[in-house]
Participant: 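Submitted below is the structure of interest, expressed as structure tokens.
Throughout, a chain's letter reflects where its sequence line sits, starting with A, and its residues are numbered from 1.
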Amino acid sequence: GSGNPAGGDSAAGGDATITFIPKQLNNPYTDVVLGGGKKGATEAGFTSSNVVGPLEASASSQVSFINAETQAGTKVIVIAANDPDAVCTALGEARTAGAKIVAFDSDTNPDCRDVFISQVVAKDVALIQTKLISEQIGGSGEIAILSATANATNQNEWIKFMEDELASNPDYKDIKLVAKVYGDDNDTKSFQEAQGLMQAHPNLKGIISPTTVGIAATARYLSTSAYKGKVALTGLGLPNEMRPFVKDGTVKEFALWDPAQLGYVAAFAGEALKAGKITGAAGDTFTAGELGERKVQDGGLVIVGPPTVFNTANIDKYDF
Amino acid sequence: MLASRDAITIYALAVFLVYASISIPRFASPVTTGFLLLDVIPVLLIAMPMTLIIITGEIDLSVASIAGLTSATMGVLWAGGMDIWLVLAISLLVGVVCGIFNGFLIAVLGLPSLAVTIGTLALFRGLALVTIGDNAVANFPKSLTAFFTSKLGATGIPTVMIGVVVVIIFFGVLLHFTPFGRGLFGMGYSKEAAAFVGIKVARSKFWLYVASGAVSALAGIFWTLRYTSARSDNASGLELAVIAAVLLGGVSIFGGKGSIPGVLAGVLLIGSLNYALRLGRVSDVVLITVTGLLLILSVVAPSIGSAIRGWRHTRRAHHNAAQ
Amino acid sequence: MNSALESRKSPNKQPSSRGWTAAAPVLRLRELPVFIALSVLVIVTYLINPLFLSAQGVKDLLLNATIVMILAVGQTLLIITRNIDLSVGSILGLVAFGTGSIFAAMPDIPIIAVFVIGMAFGVVLGAVNGILVTVAKVPALVITLGTLYVFRGLNNAWAGGKQYFAGDRPDAFGALSVDTFLGFPIITLVAVVVVIAVALYMSGTRPGRDLYAIGSDPDAATAFGIKVSKRVLLAFLANGALAGLAGVLYASRFNSVGATTGTGMELTVIAAAVVGGVAIFGGSGSVTGAALGALLLTTITSSLTAVRVDKFWQQAIVGILILAAIIIDRVASLRTAKKLRISEARNV
Amino acid sequence: MQQTDSSGPRRGEPALTLIHAAKAFGPVVALADGTIEILPGEIHALVGENGAGKSTLVKILAGLHRPDSGDFRVAGETVQFRSVGDSKEAGISVIYQEPTLFPDLTVAENIFIGRQPKGRFGLISRSAMVQEAGRLFERLGVPIDPTRIAEGLSIADQQIIEIAKAISLDAKVLVMDEPTAALSGVEVDRLFAVARSLREKGTGILFISHRFEEVFELCDRITVMRDGRYIATHQTADVSVEKIVREMVGRDIGALFPKTDAEIGGVVLDVEQLSRAGVFKNISFQVRAGEIVALAGLVGAGRTEVARAVFGIDPYDAGAITFEGRRLKARDPQAAITAGMGFVPEDRRKQGLVLELSVARNVTLTLRNKLTTAGLINGAAERRAAKDWSERLHVKAGSLEHPVSTLSGGNQQKVVLAKWLAIEPRLLIIDEPTRGIDVGTKSEVHRLISELAGRGIAILMISSELPEVLGMADRVLVMREGQIRAELNRADANPESIMHAATSSAGGTP
Ligand SMILES: Nc1ncnc2c1ncn2[C@@H]1O[C@H](COP(=O)(O)OP(=O)(O)OP(=O)(O)O)[C@@H](O)[C@H]1O
Ligand SMILES: Nc1ncnc2c1ncn2[C@@H]1O[C@H](COP(=O)(O)OP(=O)(O)OP(=O)(O)O)[C@@H](O)[C@H]1O
Ligand SMILES: [Mg+2]
Ligand SMILES: [Mg+2]
């Protein structure tokens, strides 16, 4: 754009504001992430932190929120992009107006943000899920993936790593990925997609669902159907949602990182950017409160921590 | 005229703009104009043919799906290496073809538009999925995408508004100042009586759906280039937003009544309310609730008003009779 | 039977008239095409993939249809009276979340009480629509488009990010949508009972017939002395109750209930009614048809998956199906009209 | 069940009285002093010009409108109806001026809606309902299939179903607002027979009609209204038509059928061998400039259908229509209008007018293509045309901006005429020009038609009223069962010759 969209307001100075724009409001996983974010924002010294966002996770729905934040002169925008490109122009305008952009959870196009706070190394997330499913189905048989939306940046990246791994790792040579379906992070849709998988693929041995809504809905379907105990399920889930299914044997093991840490680190990264301590270049380091020092890697990537595997033995220890 | 529903919406818009400019910090600035207008352009565009269609007593629920299909087509063609101008022309044509399809079913076969366009809402969105699948295409020419977010100097008004204004004027003149428009109002009240004065009911409807398809395609193109992202789910759910705005603008869902200025006010009222709430970081929860309440109020208020007048009138009549 | 009448008619007119009389029930059986389509669909799918009609497959088919079926029945009551309720998805969402909240607050509450409370909640929400429509005399489409937003807003405000999961509810409640009776899932039986009861009411009782009259010509109904407002209000209340029932059943069947539960359901429900032969401008159609429409719409999704049709085609095929239903309906009614014209014409 | 003895009319306590009832719609006072008394076992006529407030009074009796003031008694007791249901319960049954059927329901159900006979399990018994309906139609002597849906019935059939519905209610008071407007002689006779037998049983009947023959033939007493006010009540035997007319109009009126001879010019409309399967067959006729051609026949003879096909509303299967020497496009009313044809349809509320649109817009609707400059409508010219034409036809309206639905029937008809005269047609098709129109307006309409003919306009007039046909037409074409059975010159046309052609030979109406 031309000129300075934020008008004279950027000079207001002093007020250090941070705004989180999640994919969608009123989503339990998001709430945990944002809880960590708020905590981090306070500890990092922001005078005010806000959460704004759409009620539905569609590609373009975040843009007008970014615009409003741009105009409000917000110093740091932390965003989980619904679409890597749709938010780019708006983020560009925000940066012109002086805002620092932290992507978290789901990346934007790397040109449009300063850093990306990633849960874990994408490849690690993919590998742990293939490992879990392989263990649960005994190393051979048909499997399927039930993902979120077809465009979800993070899920698609993991799925790519999973496919590569299944193809290249000799341990998995007997495992066949027969289908990829999308539940759109909608409970009902995911539920019915799970159902469809069973019918379309009578020999299905296992399902990977790398999304919290999807894994819970699939678990619900399996636990209420004849397939309970016959078809294995793993993926990324919230312990609080998955507890009954782990206890009733529908799900043996699944994985997730601590979502709160994601928001927490993002807030500190924002503070570091704002203060000019880092620029997002590889090698920059900043302190993320109680989590200690973090380093910016290639491509502006900041890794939060390794995933945890949950099962009957440990699930009661977690509350998120 | 001054108390009609479209006039009320126009007053409401004026009052709200004044209120927001005074009490919401930063609202009164060219930046607002720019962002706000960019946000409302798709609704504004589609609301034009929608107004005419609702005035004839019909409806088109498939508009957002047409926009989505247009977007998907753009993505696939561009990714396939076609010249961008050809891509735009073909995409527009896709919208026109969708409109012809709707128009054929509704005007030629005489099927009920509400039912038909629920069907084509699913069909066109489905075709968008078939076309582009789960891919997204984002690498449109920079010059073009920049143009779609550029502003007219310091006014903050987006450059594309010039085109949008042309569309608005076109439909406004068509509805209010041409024999064709007169015919639409007549049709809206009574198709049979309209046919008797030589109004070509079926043909008029047909062209309205074609226009709706074409304008929805324009909205789809705008959407794709503004957000630099061609996806199958672009603009999904927009149909209800458009209809809400049109109804808020004083158009009667039964047909026969309504005006372009009213609809313009309806769209801008929802748009500016939306933007003001976002500036104030008020949750979207409030926005959808307020939109719903406004819509209900806009139709209920006049009837409450007339009920009160009627009640007063009877009381006076009884009073006089008693004397 | 009506020999008195037939003897009155001129001889050359009698045969064609009689023909029309005899053909009437068949011609007017608007459910027939839906039923045939459904049968063909199920059989073809079964031949391609026998798993489709396995015990679990059948159970899934019926369970999938249950909720849409109940909603379609309620919606049909309204469409027949020339009204509509776009807010059903939002009502369902509110009631479903309400159900979750009740169990969270009172885990030991009897399940039947939850059904009663859920339906009562639905009735209250339906009453908001109904009262606005009948008292203010404004079009239902506008009002319920408004309440679609308002109810959804309330749901978001109430639920926020909170969701209740299957695990938060008693097992017996969840079991309703798992256990079967004679091969039929229990909640499906609930839906079937609802369909039969409402169908009898609509075709066999005076208030039920009044609803058709109202939809056929509301002004004539007023002039004739039918209590239009009262009946329409009752239809809204019934629709609210059914949406409430659907909400409770939703909570029983699905994993989570929260702020967005039921979003976008309205168009599916209306589509089900349309596919089932309910005329969108009132006056004709049946709840049985709507229920079959719901079954057809939900089955087609499952069936396309079962025969592994590319998932991207599924929505397009649903659209084509809806259009086909409308066109079939139109062709049937044109044929009826033509028959009438020929049967009543003199020997010209 | 009726408990009255069948020993003829019984004059006793009034079945119903309405005194000084008033009703206003906003600024329009529809009824200022509605007063009527109906005795059991009498047939009471209510007459008055268009807009006199007759239908408004009927709607008050029906419970559809609540009077603003006045005293209303049924069987001696003061009542206040809150709805039509209350009025029904009080034993009042009403046939409205405009038929109010449910198009999607069967004929039988239309008759019995709300009181369908019940069968097993307390559910409605369809067969009983159809039988009952059959018996009713037998009594009225009309062959209507009770199992068909009401959609697509002719106005006449609709009116008969309304009558069947009303008499089946066994009411104490039967109110009929212009029940005969759409009926022809035979059906009217049947209706009268039924009305008389109801009178025998002690039913009080209120009968509204603009046809004096009917009023004088059927009714015991006559009440006259003018401008929303009660004027007088007479015993039929003691009063003359002239006196009634004077009271209705408040002045003397001119001749009813002021046919003046016009010079007859060249052929304007030439219809050749027009056919449409199941509707009409081999229709050929010509209409010349300045000539009034009447299409006569019984209701249902297919006259309207021919006119609709000529004007391009309906399609036809074979034949040709030539207008001023040029072949006219089928199925294109706009082409007919452009060629110089106008069409005043029989159902003015559904076809002639866009009821919710203003008077002005209705008048200029036919002119919309002419009142333009550079493709855009010229607002000033539009207003001028509307004002000009409504004045020329003496349209009585509060304001030209009011919806045309608020005008009385007669004034609505004038608006229809105005909008067609505004295009300055060379051929005007007028279907039932004076249906439901009072004597005053009627003579105005007749004068207007003959004046148009005098100016060289060709007129094709469809009318079910024999006096109108005989009084106005230069030539009469008589239709029966979709075919033209006779063509009579003015000299040869008389009631006998027309009725003979309209009904004679096998297959005719019984
Ligand atoms: N709903 C209404 N709103 C406004 N004005 C009305 C309404 N109904 C009737 N009127 C007016 O009241 C007056 C009386 O109308 P009404 O229909 O009672 O006349 P009528 O005697 O039945 O005439 P006609 O013989 O033409 O049927 C007319 O001037 C009419 O325009
Ligand atoms: N919409 C329709 N569809 C099929 N048949 C129709 C339709 N309208 C009328 N008809 C039939 O066409 C025939 C002629 O119609 P109609 O009664 O209007 O004739 P008409 O001679 O114009 O009588 P009138 O003008 O006195 O009412 C009737 O048998 C009628 O049943
Ligand atoms: Mg009248
Ligand atoms: Mg006719």
Side-chain angles (χ1 to χ4, degrees), chain B residues 59 61-62 65 101 105 109-134 232 236-237 239-241 243-244 247-248 251-254 283-304 306-307, chain C residues 84 86-87 90 128-129 132-133 135-158 160 259 263-264 266-268 270-271 273-275 278-281 310-327 329-331 334:
Chain B
I59 202 157
L61 292 175
S62 70
S65 297
F101 186 68
L105 292 174
L109 298 189
L111 303 173
S113 57
L114 186 60
V116 166
T117 55
I118 284 180
T120 50
L121 170 124
L123 175 61
F124 297 152
R125 185 66 69 184
L127 290 178
L129 266 168
V130 172
T131 309
I132 197 167
D134 47 17
S232 61
S236 72
E239 63 279 346
L240 290 188
I243 292 168
L247 296 179
L248 187 62
V251 177
S252 159
I253 192 75
F254 296 134
S283 159
D284 263 23
V285 173
V286 176
L287 176 72
I288 60 172
T289 316
V290 169
T291 306
L293 287 176
L294 268 181
L295 197 55
I296 293 172
L297 207 66
S298 77
V299 287
V300 170
S303 84
I304 291 176
S306 72
Chain C
I84 202 161
L86 293 177
S87 71
S90 302
V128 173
N129 287 331
L132 283 170
V133 169
V135 174
K137 305 229 179 320
V138 285
L141 197 136
V142 187
I143 290 296
T144 58
L145 180 57
T147 51
L148 161 89
Y149 289 121
V150 174
F151 293 164
R152 180 62 58 201
L154 292 180
N155 198 355
N156 270 291
W158 183 17
T263 312
E266 56 282 343
L267 291 184
T268 315
I270 295 168
V274 167
V275 167
V278 178
I280 201 84
F281 290 123
D310 175 8
K311 68 181 190 299
F312 296 131
W313 274 99
Q314 290 182 8
Q315 194 169 3
I317 290 176
V318 168
I320 290 169
L321 183 77
I322 297 172
L323 294 176
I326 309 165
I327 293 171
D329 222 53
R330 174 72 177 170
V331 169
L334 278 183

Participant: Give the member of B:Thr131, B:Thr291, B:Leu247, B:Leu287 that has the highest number of heavy-atom pairs under 4.5 Å with chain C.
Facilitator: B:Leu247
Participant: Select one option (side chain, backbone, both, neither) describing which atoms of B:Leu105 are under 4.5 Å from chain C's heavy atoms.
Facilitator: side chain
Participant: Chain B heavy atoms under 4.5 Å from C:Phe281: which part of the residue, side chain, backbone, both or neither?
Facilitator: side chain
Participant: Checking heavy atoms, do the side chain of B:Phe124, its backbone, both or neither come under 4.5 Å from chain C?
Facilitator: neither
Participant: Go through the atoms of C:Ile317 and report whether side chain, backbone, both or neither lie under 4.5 Å from a heavy atom of chain B.
Facilitator: neither
Participant: How far apart are the closest heavy atoms of B:Pro112 and C:Ile280, and which atoms are they?
Facilitator: CB-CG2, 3.6 Å
Participant: Do you know which of B:Ser65, B:Gly110, B:Ala301, B:Ser298 has the most heavy-atom pairs with chain C at a distance under 4.5 angstrom?
Facilitator: B:Gly110
Participant: OG1/C:Thr147 to CD1/B:Ile296 distance, rounded to the nearest 0.5 angstrom?
Facilitator: 5.5 Å
Participant: For chain C, which of B:Val286, B:Asp284, B:Leu114 has the most heavy-atom pairs under 4.5 Å?
Facilitator: B:Leu114
Participant: Nearest heavy-atom pair of B:Leu109 and C:Arg330: which atoms, and what distance?
Facilitator: O-NE, 3.2 Å
Participant: Does C:Trp313 have more than 12 heavy atoms from other residues, nucleotides or ligands lying within 6.0 Å of its CH2?
Facilitator: no
Participant: Nearest 0.5 Å please: distance from the CG atom of B:Leu295 over to the OH atom of C:Tyr149.
Facilitator: 8.0 Å
Participant: For C:Val138, which atoms come within 4.5 Å of any heavy atom of chain B: side chain, backbone, both, or neither?
Facilitator: side chain
Participant: With a 3.5 Å cut-off and sequence neighbours excluded, list the donor-acceptor pairs that the side chains of residues 319-327 of chain C form with protein atoms.
Facilitator:
none

Participant: What is the distance from atom CG of C:Leu141 to atom CD1 of B:Ile253, rounded to the nearest 0.5 Å?
Facilitator: 4.5 Å
Participant: With a 4.5 angstrom heavy-atom cut-off, could you sort out which part of B:Leu293 is near chain C: side chain, backbone, both or neither?
Facilitator: both
Participant: What part of B:Leu240 gets closer than 4.5 Å to chain C, counting heavy atoms only: side chain, backbone, both or neither?
Facilitator: both
Participant: Heavy atoms only, distances under 4.5 angstrom: which of C:Leu334, C:Leu267, C:Val274 has the most pairs with chain B? Name it, please.
Facilitator: C:Leu267
Participant: Just so I know, are the side chains of B:Val300 and C:Ile143 near enough to count as touching, which here means a heavy-atom distance under 4.5 Å?
Facilitator: yes
Participant: Is the shortest heavy-atom distance from the side chain of B:Ile288 to the side chain of C:Asn156 under 4.5 Å?
Facilitator: yes
Participant: Mind checking the CZ-CD1 spacing from C:Phe312 to B:Ile132? Nearest 0.5 Å is all I need.
Facilitator: 10.0 Å
Participant: Do the side chains of C:Gln315 and B:Leu129 get nearer than 4.5 Å, heavy atoms only?
Facilitator: yes
